[in-house]
Each structure stands twice: as C-alpha cells, then as structure tokens.
Engineer: 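Below are the structure tokens for one structure; questions will follow.
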Amino acid sequence: MTNILKKILKEKKEDLKHIKRENSLDSLENKIKDLNFFKDFKASIIKNKGVSLISEIKKASPSAGLLVRNFNHLDIAKMYIENGSTCLSVLTEERHFLGKLNYIFDIKKKFNIPVLAKDFFIDPYQVALSKSFGCDCILIIIAALDKHQIDELYKEALKHNLSVIVEVHNQKEAELALEYQDALIGINNRNLKTLDVSINNTVSIFEVVKDHHGPLISESGIQNE
C-alpha cells in the first residue's frame, strides 16, 4: 500500500469519528427514506447498447493537484450528460480530492442519471452516509481493505440496494473480486506504487475476470489531448 493511500485511510478513520458523532445511523436512514431520485447504476450500464461511459467529476488529486480552477459540479455534470455519459462518478473525499457529498445531492436533484460516490470506503456507516446524499453506487478498493472489511461493505451496500464497483489493480485482487458476483469489477490502470498509468493493465487482468457475470470497467488511461 502506498504512503498516500495509508495517509488517506488514517485520516478517513479520524474524520468518520466526528461525522458519526454528528449524524446518527437512524438519522441517515430517515434521510434516505425522504429521497426519491435513486437509479439502478448497474442496470443502466447493462441496458445501454455499446460501450458505457462513467464520467468523473473531480476537482483535484494528490498526484496532479488542482485540476479545475473554476470548478462547478453542475456545469460539468450537464456537459457529460449532453455528450452521452451513462453514469457519473463524483469524488467525495474532501482532504486530497476536494470533493463533497453535497455534489451528489445537487446533481441528483437536477439530473436523471445514476451516480457513484467515489471515496475511500472503510466502514459500513459510509454506505448509509453516502446514500443519504443520493448516491446509487459505492466503490470498494480491494488494495485498501482486508477481506472482512470488503465483505462488510459489500453486504451493507446490497442491503441498501446500491450497486457496487469492486476495484482491482492486479491479478491477485481480480481473483478475489470474482467472489462478489453482484458487483461490477473495475480494473484500475494506475499503478498504486509508481502512479504510472497503462491501459495494458486492463488487457492483462481481463483474462482473469472475463467470465464475471457483471459489467467490467476500465478505469483511467483513456484521454484525448
């Protein structure tokens, strides 16, 4: 695990202590009941003909710094939707990616599109927290968790009728991901140790996951200058 990932996970654990004190699980569940704009993230991809695009809304990253100076999440969402995106991925990690859960709530109020809460999930509490802002899917990063944590998050997400993307970086993680039959498997083309990006990672891992029942996602490494 890279130092930056360790740092983020440590900070996430500390931040969650404060969030839990201010927001009980019951209050989150009540908030969820009042929302009526949930979409089926996985089904939207399955039903779409051809390649589906999951377009990312991200203000900053640890490796690249500030990405968008005049950042407006609603304007970016509108642009993606008008250009044929099937789903959106919204960064909600605050410290290093300058994300906010409120971005999801704003987008879901205005647009009819499934949204992934892209964050570092380490605690089942985060599943209800993210859904209370309107997300339709969560991300489980295998490299950041032990097997027990993965199982807990996966079960909690399914209990909340959320789609799940299980993210893998290598063949060993891909083999583990196959256990989660209702999940989408995301192959991250970024090397966690060097931060180098290569689409060849998807090519090499595809052989391991090609028989998975759910959709497969190639993450990062596709761009047009």
Engineer: Does this structure show an ion pair linking K131 with D136, if we count only N-O contacts that are shorter than 4.0 Å?
Structural biologist: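 Salt bridge flag = no for D136 with K131.
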Engineer: Over all heavy atoms of both residues, which pair between I138 and L116 is shortest? Give the atoms and the distance, please.
Structural biologist: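 Looking at all heavy atoms of both residues, the shortest contact is C-CD1, 3.5 Å.
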Engineer: Going hydrophobic residue to hydrophobic residue with side-chain gaps under 4.5 angstrom, can you get from L178 over to V203?
Structural biologist: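 No; tracing contacts between hydrophobic side chains, which count when under 4.5 Å, never links both residues.
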Engineer: Does the H212 side chain pair with the main chain of A183, one donor and one acceptor, at a distance under 3.5 Å?
Structural biologist: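 Looks like yes, one N/O pair under 3.5 Å.
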Engineer: Ignoring hydrogens and angles, tell me if any N or O in the side chain of S27 forms a donor-acceptor pair with the backbone of N23 under 3.5 Å.
Structural biologist: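 It does not hold such a pair.
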Engineer: Where do S130 and L101 land on the side chain to side chain contact (heavy atoms under 4.5 Å, CB included) test, with the steps shown first?
Structural biologist: CA-CA 7 Å; S130 297; L101 279 164; 3.9 Å; yes
Engineer: More than 12 heavy atoms of other residues, nucleotides or ligands under 6.0 Å from NE2 of H148: is that the case?
Structural biologist: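 Incorrect, the count does not exceed 12.
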Engineer: Please indicate whether K100 has more than 12 foreign heavy atoms, meaning atoms of other residues, nucleotides or ligands, lying under 6.0 Å from its NZ.
Structural biologist: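 For K100, atom NZ is not crowded (no more than 12 foreign heavy atoms under 6.0 Å).
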Engineer: When you check the side-chain N and O atoms of Y180 and D151, is any donor under 3.5 Å from an acceptor?
Structural biologist: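 Result is yes, a qualifying pair exists.
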Engineer: Do the side-chain N and O atoms of E29 and H160 include a donor-acceptor pair separated by under 3.5 angstrom?
Structural biologist: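 A donor-acceptor contact under 3.5 Å links the two side chains.
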Engineer: In terms of ring plane angle, is the pair F105 and F37 parallel, tilted or perpendicular, where the classes change at 30° and 60°?
Structural biologist: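 Plane angle over 60°, so perpendicular.
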Engineer: Excluding sequence neighbours, so at least two apart, what forms salt bridge (charged side-chain N to carboxylate O under 4.0 Å, His left out) with E11?
Structural biologist: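 For E11 the salt bridge (charged side-chain N to carboxylate O under 4.0 Å, His left out) partners, ignoring immediate neighbours, are K7, R95.
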Engineer: More than 12 non-hydrogen atoms from neighbouring residues, nucleotides or ligands closer than 6.0 Å to CG on N112, yes or no?
Structural biologist: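 Open.
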Engineer: Mind checking whether K13 and I122 have side chains closer than 4.5 Å, heavy atoms only?
Structural biologist: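 When only atoms from C-beta onward are counted, I122 and K13 do touch, with a gap below 4.5 Å.
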Engineer: Answer whether the closest heavy-atom distance between the side chains of L129 and F133 falls below 4.5 Å.
Structural biologist: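 They are in contact (side-chain heavy atoms under 4.5 Å apart), so the answer is yes.
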Engineer: I217 versus I187: any side-chain heavy-atom pair under 4.5 Å?
Structural biologist: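 The answer is no; the side chains never approach within 4.5 Å.
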Engineer: Please list, chain by chain and in numerical order, all residues satisfying salt bridge (charged side-chain N to carboxylate O under 4.0 Å, His left out) with E179, sequence neighbours excluded.
Structural biologist: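 Testing E179 for salt bridge (charged side-chain N to carboxylate O under 4.0 Å, His left out), a comparison that skips the adjacent residues, returns K147.
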Engineer: Looking at F97, is K58 sitting on its ring face, NZ or CZ under 6.0 Å from the six-membered ring centre and within 45 degrees of the normal?
Structural biologist: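 Relative to the ring axis of F97, which defines the angle, K58 lies outside at least one limit.
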Engineer: Are I54 and I46 linked, directly or through intermediate hydrophobic residues, by side-chain heavy-atom contacts shorter than 4.5 Å (ILVMFWY only)?
Structural biologist: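 Different clusters: I46 never reaches I54 through Ile, Leu, Val, Met, Phe, Trp or Tyr contacts under 4.5 Å.
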Engineer: What are the two closest non-hydrogen atoms of S220 and N188, and how far apart are they?
Structural biologist: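 Scanning both residues, the minimum pair turns out to be OG-OD1, 4.0 Å.
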Engineer: Is the shortest distance from a Lys or Arg side-chain nitrogen in E14 or K17 to a carboxylate oxygen in the other one below 4.0 Å?
Structural biologist: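 Yes, this pair counts.
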Engineer: Verify the distance criterion only: is there a donor paired with an acceptor across the side chains of N48 and S52 at less than 3.5 Å?
Structural biologist: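 Side chains of N48 and S52: pair found under 3.5 Å.
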Engineer: Please examine the side chains of L176 and K172, heavy atoms only from C-beta on, and report whether any two atoms are closer than 4.5 Å.
Structural biologist: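 Contact flag for K172/L176 side chains = no.
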Engineer: If we only count heavy atoms from C-beta on, is the L184 to S163 side-chain gap below 4.5 Å?
Structural biologist: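 Yes, close enough: below the 4.5 Å cut-off.
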Engineer: Output, in order, the C-alpha distance, side-chain angles, deciding distance and verdict of side chain to side chain contact (heavy atoms under 4.5 Å, CB included) for I165 and E219.
Structural biologist: CA-CA 11 Å; I165 296 177; E219 304 174 3; 3.9 Å; yes
Engineer: For V127 and L162, work out which heavy atoms get closest and say how close.
Structural biologist: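 That closest heavy-atom pairing would be CG1-CD1, 3.7 Å.
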Engineer: Honestly curious: do L9 and I142 fall in one hydrophobic cluster under the side-chain, below-4.5 Å linking rule?
Structural biologist: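 As far as the 4.5 Å side-chain criterion goes, I142 and L9 are connected within one cluster.
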Engineer: Are D34 and N30 close enough, and set up right, to give a side chain to side chain contact (heavy atoms under 4.5 Å, CB included), and what steps lead you there?
Structural biologist: CA-CA 7 Å; D34 291 334; N30 287 331; 5.5 Å; no
Engineer: With a 4.5 Å limit on heavy-atom distance, are the side chains of Y125 and E156 in contact?
Structural biologist: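 Side-chain contact under 4.5 Å: no.
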Engineer: Mind checking what makes ring pair (Phe, Tyr, Trp, His ring centres under 6.0 Å) contact with H73, not counting sequence neighbours?
Structural biologist: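 Per chain and number, H73 pairs via ring pair (Phe, Tyr, Trp, His ring centres under 6.0 Å) with Y103.
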Engineer: For residues K59 and L66, determine if any side-chain heavy atom of one lies less than 4.5 Å from a side-chain heavy atom of the other.
Structural biologist: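 They are in side-chain contact.
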Engineer: So, taking the atom named CD1 in I185 and the one named CD in E173, what distance separates them when rounded to the nearest 0.5 Å?
Structural biologist: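 One gets 11.5 Å once the value is rounded to the nearest 0.5 Å.
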Engineer: Can you confirm whether the side chains of S218 and N189 place a donor and an acceptor under 3.5 Å from each other?
Structural biologist: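 Result is yes, a qualifying pair exists.
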Engineer: Taking F38 as the starting point, is it possible to reach L139 by hopping between hydrophobic residues whose side chains are less than 4.5 Å apart?
Structural biologist: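 Same cluster: L139 reaches F38 through Ile, Leu, Val, Met, Phe, Trp or Tyr contacts under 4.5 Å.
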Engineer: Could you tell me whether the side chain of C137 reaches within less than 4.5 Å of the side chain of K42, counting heavy atoms only?
Structural biologist: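 The answer is no; the side chains never approach within 4.5 Å.
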Engineer: Sequence neighbours excluded, which residues qualify as salt bridge (charged side-chain N to carboxylate O under 4.0 Å, His left out) partners of K78?
Structural biologist: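 K78: salt bridge (charged side-chain N to carboxylate O under 4.0 Å, His left out) contacts with E82.
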Engineer: S132 and K31: which non-hydrogen atoms are nearest, and at how many Å?
Structural biologist: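 Distance-wise, the nearest heavy atoms are O-CE, 3.1 Å.
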Engineer: Could you state the interatomic distance from OG1 (T92) to CD1 (I57), rounded to the nearest 0.5 Å?
Structural biologist: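 It comes to 12.0 Å.
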Engineer: Taking all atoms of both residues into account, what is the closest heavy-atom pair of I104 and C135, and its distance?
Structural biologist: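 Shortest heavy-atom contact: CG2-N, 3.7 Å.
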Engineer: Taking 4.0 angstrom as the limit, do E207 and K210 come out as a salt bridge?
Structural biologist: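 Counted as a salt bridge, because a side-chain N and a carboxylate O are separated by less than 4.0 Å.
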Engineer: For the residue pair L35 and G134, what are the closest heavy atoms and their distance?
Structural biologist: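 Heavy-atom minimum between the residues: CD1-N, 3.9 Å.
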Engineer: Can you list everything that forms a ring pair (Phe, Tyr, Trp, His ring centres under 6.0 Å) with Y80? Sequence neighbours excluded, please.
Structural biologist: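 So Y80 forms no ring pair (Phe, Tyr, Trp, His ring centres under 6.0 Å) with any residue.
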Engineer: Have a look at S55 and tell me which of S89, C87, S85 forms a side chain to side chain contact (heavy atoms under 4.5 Å, CB included) with it.
Structural biologist: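 So the option named by the test is S85.
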Engineer: Who pairs with K20 by salt bridge (charged side-chain N to carboxylate O under 4.0 Å, His left out), at least two apart in sequence or on another chain?
Structural biologist: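 If we apply the salt bridge (charged side-chain N to carboxylate O under 4.0 Å, His left out) test to K20, skipping adjacent residues, the hits are D123.
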Engineer: List the steps and the verdict of side chain to side chain contact (heavy atoms under 4.5 Å, CB included) for L5 and F120.
Structural biologist: CA-CA 9 Å; L5 184 55; F120 296 84; 3.6 Å; yes
Engineer: Can L98 be reached from L67 by stepping across I, L, V, M, F, W or Y side chains whose heavy atoms are under 4.5 Å apart?
Structural biologist: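 Hydrophobic grouping puts L67 apart from L98.
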